[in-house]
Amino acid sequence: MSEKIIGYIKENGEIVDTQSAPEKVGSEIYFDNSPEALEIIRHSTAHLMAQAIRELYPEAEFFVGPVVDEGFYYDFRTKEKIGEEELKRIEKKMKELAKKRYPIEKYEISRSEAAEKFSGDELKQAVLKNIDSETVSIYRQGEFEDLCRGPHVPDTSFLHNFKLTRVAGAYLGGDENAEMLTRIYGIAFADKESLKEYLKMVEEAKKRDHRKLGSELELFMFDENAGAGLPFWMPKGARLRSRLESILFEAHRRRAYQPVRGPEILKAQMWHTSGHYACYGENMYLTEIDEQEYGIKPMNCIGHILIYKHSVKSYRDLPLKYFEYGVVHRHEKSGVLHGLLRVREFTQDDAHIFCTPEQIKEVVLEVVEFVDAVMKKFDFDYSMEISTKPEKAIGDDEVWETATKALKEALDENGLPYGIDEGGGAFYGPKIDVKITDAIGRKWQCGTIQVDFNLPERFDIEYVAEDNERKRPVMIHRAILGSFERFIAILTEHYAGEFPLFIAPTQVIFVPISQEHSSYASQIAQKLLEMGMDSEIYDRNESLNKRIRMAEKQKVPYVVIVGDAEVENRSVAVRDRRKREQYNLSEEEFMLQLAKQLEEGRI
RNA sequence: GCUGAUGUAGCUCAGUCGGUCGGAGCACCUGAUUCGUAAUCAGGAGGUCACGGGUUCGAAUCCCGUCAUCAGCUCCA
């Protein structure tokens with residue numbers, strides 16, 4: 001890093017480089033790792049990459065090379081196929097070019113001149129089409145010239161700390177029907193240490209990958225003969241999941257939700273009525289039974305609506321809260337499947353709350369508090385976003401306004417900050433999305449709270465009001481975890497497999513010093529089981545050290561060693577993963593401690 | 001779904017130019033060892049080289065198709 005100025009931030013927030021502004025035009029951007037500096041550095045690194053590619057593949061044509069959240073990319077087209085091996089070659093060439101200290105120069109030409117200049121380059125023509133202004137700027141470094149609005153560093157010697165991270169295909173302009181270009185992703189920093197740190201973070205994320213941990217800890221599996229995107233829960237994974245399910249089940253019951261359950265499969269007519277057939281049909285699995293078409297449910301709403309509708313409801317029943325761990329099937333495109341994060345069969349922690357429009361606010365507030373309790377329990381930070389009425393929507397503006405206002409007020413009154421996604425709501429109503437941030441800073445969309453005026457209408461559901469009139473309730477769809485599959489994937493990565501005791505698949509592993517201490521261990525194990533905790537005894541014919549090592553690798557909250565001293569004193573020698581220390585406790589103290597930690601799971 | 005890559009034992013991975021190449025470590029099984037805080041020793045068993053075709057005297061190896069996985073595009077809980 002240095003005191004060198006590589007650009008300025010104008011008052012309007014715009015970043016300009018030193019090529020465009022030889023004199024100071026705002027606050028300086030120094031060559032460091034500030035967001036503004038990184039934007040310039042990464043943009044220039046993208047150009048450096050393009051220059052290297054052009055040297056290695058002279059006929060290469062370039063589309064766009066922007067800076068993104070995590071680095072930069074450049075989309076381009078070559079005759080040759082570019083694989084992972086080529087990245088090293090390109091990197092090497094980039095280093096060479098960087099050393100040459102090419103000044104990065106800028107000049108402006110008219111649009112037509114630019115069209116002329118890049119006449120043989122289809123991709124640059126496509127870029128030009130997207131530009132409004134009459135003059136365009138060109139950046140030049142050595143032989144290489146590119147149409148670009150900048151900003152860039154002053155010369156290529158600033159660009160030493162980068163890494164090309166992956167190569168992938170990307171559609172021209174993001175259009176699925178358009179040509180597929182080659183995209184190379186990279187990352188760059190001002191200094192070497194930050195690059196190293198970043199690469200370490202990537203390594204850490206890889207270590208935490210739930211697919212890797214899931215198979216190491218024997219939580220879940222897939223079987224290619226059974227089908228893609230269809231998870232199997234192995235005993236340990238199923239233990240974890242069932243703990244999570246029970247904790248959340250009790251949490252729902254305490255909040256006056258009624259458990260219900262709808263069938264997995266319903267006649268297609270129901271899906272026509274709901275609009276799913278038309279709007280969501282492509283993702284649904286359909287089948288035929290006795291010459292009638294049926295659809296496997298991709299959502300749980302209809303079941304809950306039919307249960308609601310089964311008997312006449314009074315205003316006194318509202319808000320009525322039905323919940324279900326609903327197993328749903330959705331046909332996701334094969335390319336998007338990803339461990340437990342994207343599957344074709346999953347279970348939602350789904351609920352539908354039937355209420356009057358006036359009750360929306362209180363109901364939403366209560367759900368938001370529920371979300372807060374759950375996310376705090378798992379040490380997640382989260383943020384919320386309200387999505388408002390989209391162009392294509394049903395229902396009166398007035399009702400939309402009431403509902404949106406209710407959502408905003410619910411959050412405001414809870415002192416919860418939120419963003420607004422203007423026009424991002426569902427066609428049937430506005431919604432709040434909950435985005436959580438995990439232990440290593442990644443964001444995930446989990447819960448959602450959606451106000452719906454559409455389905456009550458379509459299914460003609462009603463309640464009897466105080467004045468004996470039949471009125472239409474509003475439905476609020478909500479999920480807190482989203483799905484058990486996705487949430488457990490996120491939890492696994494969040495905790496790096498070291499789950500808190502109240503959801504850990506195994507709470508304790510006992511390591512008896514020798515065979516004769518096993519029975520003492522199994523006595524405690526039985527007591528734990530009766531308290532609702534699982535333990536294992538590692539008393540196989542292996543060395544003590546080996547068994548401790550195996551136990552530690554399981555990432556359980558407690559590894560407990562028992563030998564002569566422990567049997568004699570009815571005590572345990574604890575290796576506490578949570579506190580990362582070793583200590584001795586009496587059996588009773590240990591039990592109490594565990595019971596207390598199990599109770600911490602209460603939401 | 002699209003583009004590219006990959007698929008060898010339960011897991012991680014060697015396997016050159018098509019010809020003693022069916023290999024290693026871990027895990028598993030058996031025996032010895034009975035141990036005080038992260039790998040005791042010895043032996044053994046395990047594979048339709050993803051699946052199906054093709055080329056060839058000969059295929060884990062080359063070609064085609066299918067399935068699955070990975071990265072990305074697009075999409076979503």
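As the structure is a prediction and not an experimental result, all values here were calculated from the model. In the text below, chain A, chain B and the rest are named by the order of the sequence lines, each starting its count at 1.
A gap of 31 Å separates the C1' atoms of B:G72 and B:G15, to the nearest Å. The C1' atoms of B:U37 and B:G43 are separated by 29 Å, rounded to the nearest whole Å. Using atom P as the reference point in both B:G23 and B:U30, the two lie 25 Å apart (nearest Å). Here the separation of B:U6 from B:C13, taken at their P atoms, is 14 Å to the nearest Å. Between B:U74 and B:G1, the distance separating the two C1' atoms is 9 Å to the nearest Å. Between B:G65 and B:C29, the two C1' atoms lie 40 Å apart (nearest whole Å). Rounded to a whole angstrom, the distance from the C1' atom of B:A9 to that of B:A45 is 11 Å. Distance check on atom C1': B:G19 versus B:C62 gives 14 Å, rounded to whole Å.
Using a 4.0 Å heavy-atom cutoff across all strands shown, A:Leu181 reaches no nucleic acid atom at all. As judged by a 4.0 angstrom heavy-atom cut-off over every strand, A:Glu282 is placed among residues making no nucleic acid contact. Contacts of A:Asp564 with the nucleic acid, taken as non-hydrogen atoms under 4.0 Å apart, include base atoms. Heavy atoms of A:Ala479 sit nowhere under 4.0 angstrom from any nucleic acid atom. Among the heavy atoms of the strands lying under 4.0 Å from A:Arg211 are primed sugar atoms or P, OP1, OP2 only; no base atom is included. Contacts of A:Ala551 with the nucleic acid, taken as non-hydrogen atoms under 4.0 Å apart, are absent. Looking at heavy-atom distances under 4.0 Å, A:Glu516 makes no contact with the nucleic acid at all. Across all strands shown, A:Val343 has heavy atoms under 4.0 Å from base atoms, whether or not it also approaches the sugar-phosphate. Residue A:Arg486 is classed as a base contact, given a heavy-atom separation below 4.0 Å to a base.
Take A:Ser215 and apply the side-chain contact (heavy atoms from CB on, under 4.5 Å) test, not counting sequence neighbours, and it matches no residue.
For A:Arg241 and A:Trp233, the positive end sits near the middle of the six-membered ring, less than 6.0 Å away and at most 45° from its axis. The cationic group of A:Arg42 does not satisfy the cation-pi geometry with A:Phe72, failing either the under 6.0 Å distance to the six-membered ring centre or the 45° limit from the ring axis.
A pairwise comparison of heavy atoms in A:Pro512 and A:Tyr538 identifies CD-O, 3.3 Å as the closest pair. Annotation for A:Pro298 and A:Arg330: closest pair O-NE, 2.9 Å, computed over non-hydrogen atoms.
The phosphate of B:C35 has neither OP1 nor OP2 within less than 4.0 Å of any side-chain N or O from A:Ser543. OP1 or OP2 of B:A71 lies within a sub-4.0 Å distance of a side-chain N or O belonging to A:His338. Residue A:Arg342 places no side-chain N or O under 4.0 Å from the OP1 or OP2 atom of B:C76. Contact check, A:Asn545 against B:A39: a side-chain N or O comes under 4.0 Å of OP1 or OP2.
Among the nucleotides B:A68, B:C35, B:C76, the one closest to any side-chain atom of A:Glu224 is B:A68. Listed candidates were B:U37, B:U69, B:C73. Nearest to the side chain of A:Ile548 is B:U37. Distances were taken from every side-chain heavy atom of A:Arg575 (C-beta onward) to each of B:C35, B:C73, B:U37; the shortest belongs to B:U37. Side-chain proximity of A:Ala228 to the nucleotides B:U69, B:A38, B:U74 is greatest for B:U69.
Each of A:Arg478, A:Lys321, A:Arg255 was evaluated against A:Glu366; a single residue qualifies, A:Lys321, per the side chain to side chain donor-acceptor pair (under 3.5 Å) test.
Looking at A:Leu123 and A:Phe62, their side chains never come closer than 4.5 Å, going by heavy atoms from C-beta outward.
In this structure, a donor-acceptor pair under 3.5 Å is present between the side chains of A:Thr448 and A:Asp433. Between the side chains of A:Ser535 and A:Gln507, no donor-acceptor pair of N or O atoms lies under 3.5 Å. If you check the side chains of A:Gln554 and A:Arg577, you find no donor sitting under 3.5 Å from an acceptor.
What separates CG of A:Asp209 from P of B:U69 is a distance of 14 Å, to the nearest Å. If you take CE of A:Met221 and P of B:A68, they are 15 Å apart, rounded to a whole angstrom. Put simply, CD on A:Gln348 is 11 Å from C1' on B:C76, counting in whole angstrom units.
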Give every pair of a protein N or O atom and an N or O atom of nucleotides 24-29 of chain B that lie under 3.5 Å apart, one pair per line with the distance.
residue: B:A27; atom: OP1; partner: A:Lys546; partner atom: NZ; Å: 3.1
residue: B:C28; atom: OP1; partner: A:Arg540; partner atom: NH1; Å: 2.6
residue: B:C28; atom: OP1; partner: A:Arg540; partner atom: NH2; Å: 3.4

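Taking the six-membered ring where tryptophan is involved, the planes of A:Phe323 and A:Tyr325 are perpendicular, since the angle between them exceeds 60° and thus also 30°.
For RNA chain B, the stems formed by at least three consecutive Watson-Crick or G-U pairs, with both atom-pair distances below 3.5 Å, span B:1-7 with B:67-73, B:10-13 with B:23-26, B:28-32 with B:40-44, B:50-54 with B:62-66.
When each of A:Thr448 and A:Leu544 is assigned the nucleotide of RNA chain B with its nearest heavy atom, A:Leu544 is the one assigned upstream, toward the 5' end. Each of A:Glu552 and A:Lys431 has a nearest nucleotide on RNA chain B; the 5'-most of these lies closest to A:Glu552.
A:Glu566 contributes a side-chain N or O that forms a donor-acceptor pair with the base of B:G36 under 3.5 Å. For B:A77, the base has no donor-acceptor partner in the side chain of A:Arg344 [N/O atoms by modelled type, under 3.5 angstrom]. Contact of A:Arg330 with B:C76 (side chain to base): no donor-acceptor pair of N or O atoms is detected under 3.5 Å.
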Start with the C-alpha gap between A:Tyr285 and A:His331, add the side-chain angles, then the distance that decides, and say whether ring-ring contact (aromatic ring centres under 6.0 Å, His included) holds. CA-CA 7 Å; A:Tyr285 295 112; A:His331 183 75; 5.5 Å; yes

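By the stacking rule of 5.5 Å between ring centres and under 30° between planes, A:Tyr185 does not stack on the base of B:G72.
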